[in-house]
Amino acid sequence: MTRRLYLLLLLLLVTAEISLTKFSAGAVGVNWGTEASHPLPPSKVVELLKSNGIAKVKLFDADPKVLRALSGSNIGVTVGIPNSMIRSLNASRKVAESWVHDNVTRYFDGGNRVRIEYVAVGDEPFLQSYGNQYRPFVIGAAMNIHNALAKASLASEVKVVVPSSFDSFLSESGRPSSGRFRADLNKTMIELLSFLTRHHSPFFVTISPFISFHQNKNISLDFSLFKETAKAHKDGRKAYRNSFDLSYNTLLSALSSIGFPDVDIVVSKIGWPTDGAANATSPTAEAFLKGLMGHLEKKTGSSPRFPVETYIESLLDEDKRNVSSGNFERHWGVFTFDGQAKYSFSFNHNAKKLVNAQNVQYLPPKWCVVNNNKDLSNASTKALEACSLSDCTSILPGGSCSGIGWPRNVSYAFNSLYQQSDHKAESCDFGGLGLITTVDPSEDKCRFWIQLDTSHSSPHIPIFFLSLSLLLLFLLS
Ligand SMILES: *[C@@H]1O[C@H](CO)[C@@H](O)[C@H](O)[C@H]1NC(C)=O
Ligand SMILES: *[C@@H]1O[C@H](CO)[C@@H](O)[C@H](O)[C@H]1NC(C)=O
Ligand SMILES: *[C@@H]1O[C@H](CO)[C@@H](O)[C@H](O)[C@H]1NC(C)=O
Ligand SMILES: *[C@@H]1O[C@H](CO)[C@@H](O)[C@H](O)[C@H]1NC(C)=O
Ligand SMILES: *[C@@H]1O[C@H](CO)[C@@H](O)[C@H](O)[C@H]1NC(C)=O
Ligand SMILES: *[C@@H]1O[C@H](CO)[C@@H](O)[C@H](O)[C@H]1NC(C)=O
Ligand SMILES: *[C@@H]1O[C@H](CO)[C@@H](O)[C@H](O)[C@H]1NC(C)=O
Ligand SMILES: *[C@@H]1O[C@H](CO)[C@@H](O)[C@H](O)[C@H]1NC(C)=O
């Protein structure tokens, strides 16, 4: 009898946990990218998503390790197709069918399903800097993926989308009412929106108040951060009180101008980085995200057509992201690379603060610094070499460590390569200028990181819990 009672209790607890993860939070999700030298193990990331009540996640590929970790979690998933595959997916239905078979259908079989909601064709393939590399193949690829999903009887559950970049639409005058798509994209956008509306799929698009601020002298920081005191931008009789509404309404005009005023909109990327540029700091990122969440909840924008879902850019920092558009690219995370909160924020109403990743495995507490007792005339050259192989974005202009001076910035560079090389002794040589220390060289706002220990395969948690529950059952009976 008591045993049954305990089992019932256990069942109740499990149900309580499941209903917690079902929290919808006005459909706010995160982008989970994995361009990191030492990625946090997928099982830890999924725990992080759950403990923060994050109900939706957007991926940039379809890594089986990541999808397996998401199986049975009830988290809504967008799987991504890398830009490099778009051309072959347009050229061949067979290629699209095997992509869908390997990366979607497989996860709908059996008990531990992955709740795949969208397949994203490309990652912002219309970015202006890509020119015509992908554009001509995107719609064909999207159609082939859709047909492959239909063939697998998944087309009603899984929608095909194409994430469009912040620079796919614009307004020359700066007034939202004259918003339109980039001239070279006009035809493609009409094809894309026809495809999307035919299949009841939403339009995925990046809105980037940070880039607007970074590139546009006329956009103030207060206007970007939803400050009430910011000077409004006028457009005829309308007044826009923040940068998000300005961009969003520019987009709405662009959609109307090609005849699609009613398509559902998903903001597939929006965020604020914390390093690598002026005003990219934790306090500004915190102010931005709090402002954005408050704004989305109030829905008091100048248009009633608010996004149906919003994906924060991004969950974690990634030290291997391409920095051609700016050093801030490696610092979009709400959490640092190791899953630790950068500021006070929460994804759901029930929580006050972010919950950190637990039991993270780090390399031992050792750093590589420059040996000040040596002749340092070649130190800067060695530092540049280290930086070409590792992440030095924090010591470059605008970075959080840009003020530490020479030769401490040489130490930063040496340590960066040493950590990335998993503490291999020879990676701290630098022609005899490197020195391994157990004293943390960090100061104020400049952190000298210790990398994650990725040498161990992930522990067998399911087996651990299985044995624990067996033990419990044994004790209770
Ligand atoms: C896309 O694929 C189709 C079918 O193979 C082909 O006819 C078309 O030329 C391709 N599109 C482009 C732009 O190459
Ligand atoms: C499935 O997705 C992965 C990751 O994006 C990719 O490497 C692989 O080629 C895909 N499978 C097929 C059959 O295309
Ligand atoms: C884009 O297409 C729309 C609808 O066909 C048209 O009215 C508009 O003039 C086009 N704009 C450009 C820049 O080509
Ligand atoms: C610059 O911003 C102000 C509002 O702060 C607005 O009135 C003005 O029209 C803008 N100018 C341009 C060129 O966008
Ligand atoms: C933004 O950056 C500028 C230039 O570095 C600085 O003067 C200003 O204090 C910063 N403002 C905030 C709120 O961080
Ligand atoms: C980074 O992006 C730029 C612009 O898209 C591209 O030219 C360059 O090849 C990329 N670098 C790497 C390492 O992928
Ligand atoms: C600095 O590097 C140059 C070229 O590699 C080398 O000839 C010189 O001996 C080095 N100087 C010191 C102090 O190590
Ligand atoms: C280190 O700082 C010095 C002086 O501020 C600067 O000249 C040098 O370029 C910096 N080195 C690196 C690798 O950033």
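Just so you know, ligand 1 is whichever comes first in the structure, and atom 1 is the first atom listed for that ligand.
- Salt bridge present: Arg321 and Glu313 bring a charged side-chain N and a carboxylate O closer than 4.0 Å.
- Look at Asp275 and Lys445 and you find no salt bridge, because none of the NZ, NE, NH1 or NH2 atoms lies under 4.0 Å from a carboxylate O.
- The existence of a salt bridge linking Glu97 and Arg93 is excluded, since no basic side-chain nitrogen approaches an acidic carboxylate oxygen closer than 4.0 Å.
- In terms of polar-atom proximity, Ser324 is counted as a contact of ligand 6, with an N or O under 3.5 Å from an N or O of the ligand.
- Per-residue contacts place Leu221 under 4.0 angstrom from the following atoms of ligand 5 (heavy atoms of the residue considered): 11 (N), 12 (C), 13 (C).
- In this structure, Phe203 has its ring center at least 6.0 angstrom away from the ring center of Phe260.
- Within 4.0 Å of ligand 7, counting heavy atoms only, the contacting residues are Asp375, Ser377, Asn378.
- Below 3.5 Å of separation, one finds an N or O of Asn322 facing an N or O of ligand 6.
- Residues Tyr118 and Phe204 place their aromatic rings such that the two centres sit under 6.0 Å apart.
- Residues satisfying the side chain to side chain donor-acceptor pair (under 3.5 Å) test with Asn216, not counting sequence neighbours, are none.
- Considering backbone and side-chain N/O of Thr281, none are found under 3.5 Å from N/O of ligand 5.
- Ion pair Glu35/Arg330 not flagged as a salt bridge, since none of the NZ, NE, NH1 or NH2 atoms sits closer than 4.0 Å to an Asp/Glu carboxylate oxygen.
- Asp317 and Lys342 are joined by a salt bridge, as a carboxylate oxygen and a charged side-chain nitrogen come within less than 4.0 angstrom of each other.
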